[in-house]
Enquirer: 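Provided herewith is a single structure, encoded as structure tokens, for subsequent inquiry.
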Number of protein chains: 2
Amino acid sequence: MGEHQLEHFIRSGGLKVTPQRLMLLREIEAQGHLDVDELFRRAQAHFPSISLATIYKNLHTLSENGILREVPLPGKRSVYELHHAEHVHFFCTECNKVCDVEADMSDIADMLRERTGYQFDTMRVTLGGPCPGPDKCMRE
Amino acid sequence: MGEHQLEHFIRSGGLKVTPQRLMLLREIEAQGHLDVDELFRRAQAHFPSISLATIYKNLHTLSENGILREVPLPGKRSVYELHHAEHVHFFCTECNKVCDVEADMSDIADMLRERTGYQFDTMRVTLGGPCPGPDKCMRE
DNA sequence: ATCACTGCAAAGGGTTTGCAAGTTC
DNA sequence: GAACTTGCAAACCCTTTGCAGTGAT
């Protein structure tokens, strides 16, 4: 995603464009999914004096404004991703990493709407198990 | 679920059947989904001197043994349910309650297996939005 | 100039741990 | 009686909050 587009997303929520925010978003974009700690470690490489509080505040603010999305995981801390189209997450029970799965979900969302009678706004699908290997996920 | 069956589940994991465990499972069964706090409050009605540590330890032990299942939620604490067949959760963004949705998921699991090429063990589907009302969920 | 954001330090909660006493099998 | 579980208290996080200084618009 381009610099301009990121800045536009931030501004459209009434938020200010700070170097810290841009860096956080770029790290998350590059890694796909990061939790608070990993993000803090990476952030320190760019801003040695950055505070954990800044990470927390931004994770909240950016999630509330629909720029980030929290992905809650069983027994682990949530990870955060750039908010994009509905998709499936695969959570590897061996390497504890999360990856996006390429799969069109719109028809599944429709099926669920029909079957359940619920008018939901969001749908989170997380598959769990040992991931197939480096080619499919990130396991070595 | 009968008393005998609950006890059997506990024992089959190599765990011991204690009055506290039976009570926790019955409360969860009765309420459907409970988080640590609600469970603790309810537990105190039965065992006034029960400790929060006991709740935490049992939630972990019973989840590891497949008797309970953790349902992680965005921005909230996880809730726990009795482990049963794959199903859909609806998380109401207004009343913050979780309910099970009646929907056969086996074909959706198959579809996802085909489309993604992943051999997953678990599937968690959580829909979010305002729930339709008392008849469908628990909102008043 | 205003309002928002950062970084720090402290406060506040939530969760885990160690251990002695009590239970289960 | 051996092994596990409970309850307590302390320790140990993790996360939030308040505030003064800085930065964005």
Side-chain angles (χ1 to χ4, degrees), chain A residues 3-4 6-27 34-65 67-68 70-80 96, chain B residues 3-4 6-27 34-65 67-68 70-80 96:
Chain A
E3 201 75 346
H4 296 306
L6 275 188
E7 297 191 12
H8 175 257
F9 274 130
I10 298 176
R11 255 187 273 271
S12 65
L15 306 177
K16 293 189 173 173
V17 177
T18 68
Q20 290 90 337
R21 274 185 185 153
L22 283 175
M23 178 272 296
L24 293 178
L25 293 178
R26 275 197 239 97
E27 285 294 332
L34 290 174
D35 69 14
V36 176
D37 272 354
E38 296 172 63
L39 200 46
F40 182 50
R41 285 195 308 94
R42 288 167 192 276
Q44 284 179 307
H46 300 274
F47 298 88
S49 67
I50 198 172
S51 166
L52 242 190
T54 300
I55 310 285
Y56 278 108
K57 287 170 186 167
N58 277 316
L59 252 19
H60 287 159
T61 310
L62 295 170
S63 296
E64 282 164 11
N65 282 276
I67 297 164
L68 292 181
E70 179 186 354
V71 182
L73 301 172
K76 307 274 166 197
R77 291 205 245 186
S78 291
V79 295
Y80 292 81
N96 279 334
Chain B
E3 202 74 346
H4 296 306
L6 274 187
E7 297 190 13
H8 175 258
F9 274 130
I10 298 176
R11 256 187 273 270
S12 65
L15 305 177
K16 294 187 173 175
V17 177
T18 67
Q20 290 90 338
R21 275 185 184 151
L22 284 175
M23 178 272 297
L24 293 179
L25 293 178
R26 274 197 240 98
E27 283 294 333
L34 290 174
D35 69 14
V36 177
D37 272 354
E38 295 173 64
L39 200 45
F40 182 50
R41 285 197 305 97
R42 288 166 193 276
Q44 284 180 307
H46 300 274
F47 298 87
S49 67
I50 198 172
S51 166
L52 241 190
T54 299
I55 309 284
Y56 278 107
K57 287 171 186 166
N58 277 316
L59 250 20
H60 288 158
T61 310
L62 295 170
S63 295
E64 282 164 11
N65 282 277
I67 298 163
L68 291 181
E70 180 187 352
V71 182
L73 302 173
K76 306 274 165 199
R77 292 206 244 187
S78 292
V79 295
Y80 293 81
N96 280 334

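Per chain, numbering begins at 1; letters A, B, ... match sequence-line order.
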Enquirer: Which whole-number value in Å describes the distance from A:R21 CZ to C:dC5 C1'?
Expert: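 Rounded to the whole Å, the gap is 7 Å.
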Enquirer: Between A:E70 and B:G75 (side chain of the first, backbone of the second, donor and acceptor by atom type, cut-off under 3.5 Å), is there such a pair?
Expert: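 Such a contact is found between A:E70 side chain and B:G75 backbone.
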Enquirer: Between A:T61 and A:S49, which has a closest nucleotide on DNA chain C that is more 5'?
Expert: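 Its nearest nucleotide being more 5', the pick is A:T61.
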Enquirer: Can A:E27 and A:H46 be counted as having a side-chain donor-acceptor contact under 3.5 angstrom?
Expert: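 Yes, because at least one side-chain N or O of A:E27 sits under 3.5 Å from a partner of the opposite role on A:H46.
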Enquirer: Can you work out whether B:G14 or B:A53 has the more 5'-proximal nearest nucleotide on DNA chain D?
Expert: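 Comparing both residues, the 5'-ward one is B:G14.
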Enquirer: Rounded to the nearest 0.5 Å, how far apart are OG1 of A:T61 and CD1 of A:I67?
Expert: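 It comes to 9.0 Å.
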Enquirer: Please give, in whole Å, the distance from C:dT6 C1' to A:Q44 CD?
Expert: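 Spelled out: CD on A:Q44 to C1' on C:dT6 is 15 Å.
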Enquirer: Take atom NE2 of B:H60 and atom C1' of D:dT6, then tell me their distance rounded to the nearest Å.
Expert: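 Those two atoms, NE2 and C1', are 17 Å apart.
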Enquirer: List the atom of A:M23, the atom of A:F47, and the distance in Å for their closest heavy-atom pair.
Expert: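 The pair with the smallest heavy-atom distance is CE-CD1, 3.5 Å.
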Enquirer: Quickly work out the B:D35 CG to C:dG13 P distance and round it to whole Å.
Expert: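 Going from CG in B:D35 over to P in C:dG13 covers 16 Å.
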Enquirer: What does nucleotides 20-25 of chain D look like as a protein-contact string, B for base, S for sugar-phosphate only, - for none, at under 4.0 angstrom between heavy atoms?
Expert: ---BBS
Enquirer: Which one, C:dC5, C:dG7, D:dG7, comes nearest to the side chain of B:K57?
Expert: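 Looking only at side-chain atoms, B:K57 lies closest to D:dG7.
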Enquirer: Please confirm whether any donor atom in the side chain of B:K76 sits under 3.5 Å from an acceptor in the base of C:dG14, or the reverse.
Expert: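 Looking at the base of C:dG14, it does not pair with any donor or acceptor on the side chain of B:K76 (distance under 3.5 Å).
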Enquirer: Whole-Å distance between D:dC13 C1' and A:L52 CG?
Expert: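 Spelled out: CG on A:L52 to C1' on D:dC13 is 12 Å.
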Enquirer: Roughly, in whole Å, what's the span from CE in A:M23 to P in C:dC5?
Expert: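 In whole Å, C:dC5 P and A:M23 CE are 15 Å from each other.
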Enquirer: With a 4.0 Å cutoff (strictly under), does any side-chain N or O of B:Q20 reach OP1 or OP2 of C:dT23?
Expert: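 Checking C:dT23 against B:Q20, no side-chain N or O comes under 4.0 Å of OP1 or OP2.
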Enquirer: Just how far, in rounded Å, is P of C:dC8 from CD1 of A:I50?
Expert: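 Atom CD1 in A:I50 sits about 10 Å away from atom P in C:dC8.
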Enquirer: Rounded to the nearest 0.5 Å, what's the gap from CG on B:L59 to OH on B:Y80? Could you check?
Expert: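 Taking CG in B:L59 and OH in B:Y80, the distance rounds to 4.5 Å.
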Enquirer: Please list, one pair per line, the donor and acceptor atoms closer than 3.5 Å that link side chains of residues 34-45 of chain B to other protein atoms, with sequence neighbours excluded.
Expert:
residue: B:D35; atom: OD1; partner: B:D37; partner atom: N; Å: 3.2
residue: B:D35; atom: OD1; partner: B:E38; partner atom: N; Å: 2.9
residue: B:D37; atom: OD1; partner: B:R77; partner atom: NH2; Å: 3.3
residue: B:D37; atom: OD2; partner: B:R77; partner atom: NH2; Å: 2.4

Enquirer: Can a donor-acceptor pair be found, under 3.5 Å and without considering hydrogens, that links the side chain of A:R11 to the backbone of A:K16?
Expert: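 No, the answer is negative, given that no donor and acceptor are paired below the 3.5 Å cut-off.
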Enquirer: For A:L59 and D:dC14, give me the distance from atom CG to atom P, rounded to whole Å.
Expert: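 Spelled out: CG on A:L59 to P on D:dC14 is 15 Å.
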